[in-house]
J.: 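Submitted below is the structure of interest, expressed as structure tokens.
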There are 2 protein chains.
Amino acid sequence: MNIDEVGEKLVSGLQERSSGSGPKAAHEVLAVVFQIRQDRLCVLVWRRGRPPCEGLWALPGGRLGAAEGLGESIRRQLAQKVDVRDLSHLEQLETRGDPDRDPFGRTLATAYLGLVPAGIDPVVPVDTEWRPVPELPPMAFDHAAMVGSARRRLRAKLSYTNIGFALAPPEFTMSELSRYYRAALGHDVAATNLRRVLLRRGQIEETGQSVPSGRSGGRPAALFRFRARSLEITDAFAVLRPPSG
Amino acid sequence: MNIDEVGEKLVSGLQERSSGSGPKAAHEVLAVVFQIRQDRLCVLVWRRGRPPCEGLWALPGGRLGAAEGLGESIRRQLAQKVDVRDLSHLEQLETRGDPDRDPFGRTLATAYLGLVPAGIDPVVPVDTEWRPVPELPPMAFDHAAMVGSARRRLRAKLSYTNIGFALAPPEFTMSELSRYYRAALGHDVAATNLRRVLLRRGQIEETGQSVPSGRSGGRPAALFRFRARSLEITDAFAVLRPPSG
DNA sequence: ACAAAAGTGTTGACTTTACACCCATGT
DNA sequence: ACATGGGTGTAAAGTCAACACTTTTGT
């Protein structure tokens, strides 16, 4: 059918969409998995050993199974490299479907953002590494763009949600937490103010315990935990909020 | 392959993802197209005339073409109902792929958010209508959830981007604009403060012209326009911003 | 005693809502 | 004149970064 035949379409066109079977494309699910390691935001990537993009680095993931949901699929596939219980957060990012994004054939890809809390060290295959995001190696396909989307999403959500729970271990001191925030945001975060902001927003609470000071002295640090372990919007935008009346 | 064979996967598993052709699923692209009509946020929907979901209302869209990008596809398909030049904004929302979202066969759907400026009235087919979002009719498949996602996305972006340019006509008075914001946000927006906020952020500017007052008198209203007609983040979150130093 | 690290108090800048008041126009 | 709607001034509330100061520990 000629898409210029708008007049005809205007009367009858809308109904034919769910008929026929149409072309089917391969669909894969990928994940940008972040973890903060040694005070740096790192992403889990593996090195491709064969074309296309041989030698470049790629995001983990793979083909969507015939009877799987999208989130279900990426969880399953990540379980082959990251202990699935270690994924503290998972959310969908974007779907890319440029006809030529994969030179070997039309493939759509849905990317997810996954987070692993700091402090654990999942066993990963030999071709797989955690790489610091600021020094991203040459990436296959459009995977670099996906890492960029994930980084922007994480930064934004750190500002108005409790997503820090997914970066931090179950308990932490404020100076540790401020280092996680610094790594993820890319700029300094003062522990003293971060404490007040997150306390006022009800995101964190004191555990009552504290950590002995190190060999160089200093006051012992109080331990905190996040009050919730799932995503919550704690601060709607400070702008254009509804009238208080 | 058994996915419990983690040990094996850890050494060799990562490389087999781009081999083989795997199952292919049908893929469709849908759009949640919003327009503000008579001070109400409306969404473009059409009534299904055949199963599945016969009689329910559905979002416009359809199968992804074999050589089309996703955004390209929804633009083409919307051109059959909305004059494509009238789409002032288009962005990807989410992809849904529950195995049973379409009872007639596995279908993935990528949803877009589209906006049409107020004041125009595109010709639409007979089975297609603009329906107020607060009184959404019974929707087919998971389309109601997509409308919900779109509404949340629009509300959020009104707070920190210039996305108002896509809701408003090229020129407008502040009381008109405040009605568009009220319809989209769902709560009152005072024209007097909206003016200052958007001016300070550099989103809008005066055209220099004004509109004569109506039959009931009143001071003539100044005409404004948006300075940019593409999406810009005008106000990074007021929280956790980088140190000024 | 002194250094080091954690935590508190306080200030100032900025942003936004609320509301009283002034302005320009039609009847 | 007066009603009507547009526009300005200003106050009050809230949030956050900056920084000086205090507390608690190890050497």
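Letters go in sequence order (proteins before strands), and every chain restarts at 1. Values below: every heavy atom of this structure, side chains too, minus hydrogens, waters and symmetry copies.
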J.: B:L194 has an atom CG; how far is it from atom P of D:dG7, in whole Å?
T.: 12 Å
J.: Between C:dC14 atom P and A:N193 atom CG, what is the distance in whole Å?
T.: 17 Å
J.: If you check every side-chain atom of A:R195, which of D:dG9, D:dT24, C:dT8 has the closest atom?
T.: C:dT8
J.: Under 4.0 Å from OP1 or OP2 of C:dA5: is there any side-chain N or O of A:S216 that close?
T.: yes
J.: Given D:dC19, D:dA17, D:dT10, identify the nucleotide with an atom nearest to the side chain of A:V197.
T.: D:dA17
J.: Closest to the B:R215 side chain: C:dT27, C:dA24, D:dG9?
T.: C:dT27
J.: Decide, yes or no, whether a salt bridge links A:R153 with A:E91 under the criterion of side-chain N to carboxylate O below 4.0 Å.
T.: yes
J.: Roughly how many Å is it from CG in A:L223 to C1' in C:dG7, rounded to a whole number?
T.: 15 Å
J.: Rounded off to whole Å, could you give me the CG-to-C1' distance for the A:L198 and D:dT15 pair?
T.: 14 Å
J.: Roughly how many Å is it from OH in B:Y160 to P in D:dT15, rounded to a whole number?
T.: 21 Å
J.: How many Å lie between CG on B:L199 and P on D:dT8, as a whole number?
T.: 9 Å
J.: By nearest atom, which of the nucleotides C:dA5, C:dG26, D:dG7 is closest to the B:S213 side chain?
T.: C:dG26
J.: Flag the pair B:R201 and B:E232 as a salt bridge only when some basic side-chain nitrogen lies within less than 4.0 angstrom of an acidic carboxylate oxygen.
T.: no
J.: Is the A:F172 to A:Y180 ring centre distance short of 6.0 Å?
T.: no
J.: Rounded to the nearest angstrom, tell me the gap between atom CZ in B:R196 and atom C1' in D:dG6.
T.: 13 Å
J.: Is B:S175 near enough to D:dG6 that one of its side-chain N or O atoms lies under 4.0 angstrom from OP1 or OP2?
T.: yes
J.: What nucleic acid atoms does A:A222 come within less than 4.0 Å of, heavy atoms only: base, sugar-phosphate, or nothing?
T.: sugar-phosphate
J.: Out of the candidates A:L78, A:V32, A:V29, only one should pair with A:Y112 under the side chain to side chain contact (heavy atoms under 4.5 Å, CB included) rule; please name it.
T.: A:V29
J.: State, without any angle test, whether A:Q38 and A:R40 hold a side-chain donor-acceptor pair at a distance under 3.5 Å.
T.: no
J.: Side chain of A:P220 only, heavy atoms from C-beta on: which candidate in C:dG7, D:dT25, C:dT17 is closest?
T.: D:dT25
J.: Judged by each residue's nearest nucleotide on DNA chain D, which is more toward the 5′ side, B:M174 or A:G217?
T.: B:M174
J.: In whole Å, what is the span from the CZ atom of B:R201 to the P atom of C:dC14?
T.: 16 Å
J.: Return yes if the base of D:dT23 and the side-chain atoms of A:R219 contain a donor-acceptor N/O pair under 3.5 Å, otherwise no.
T.: yes
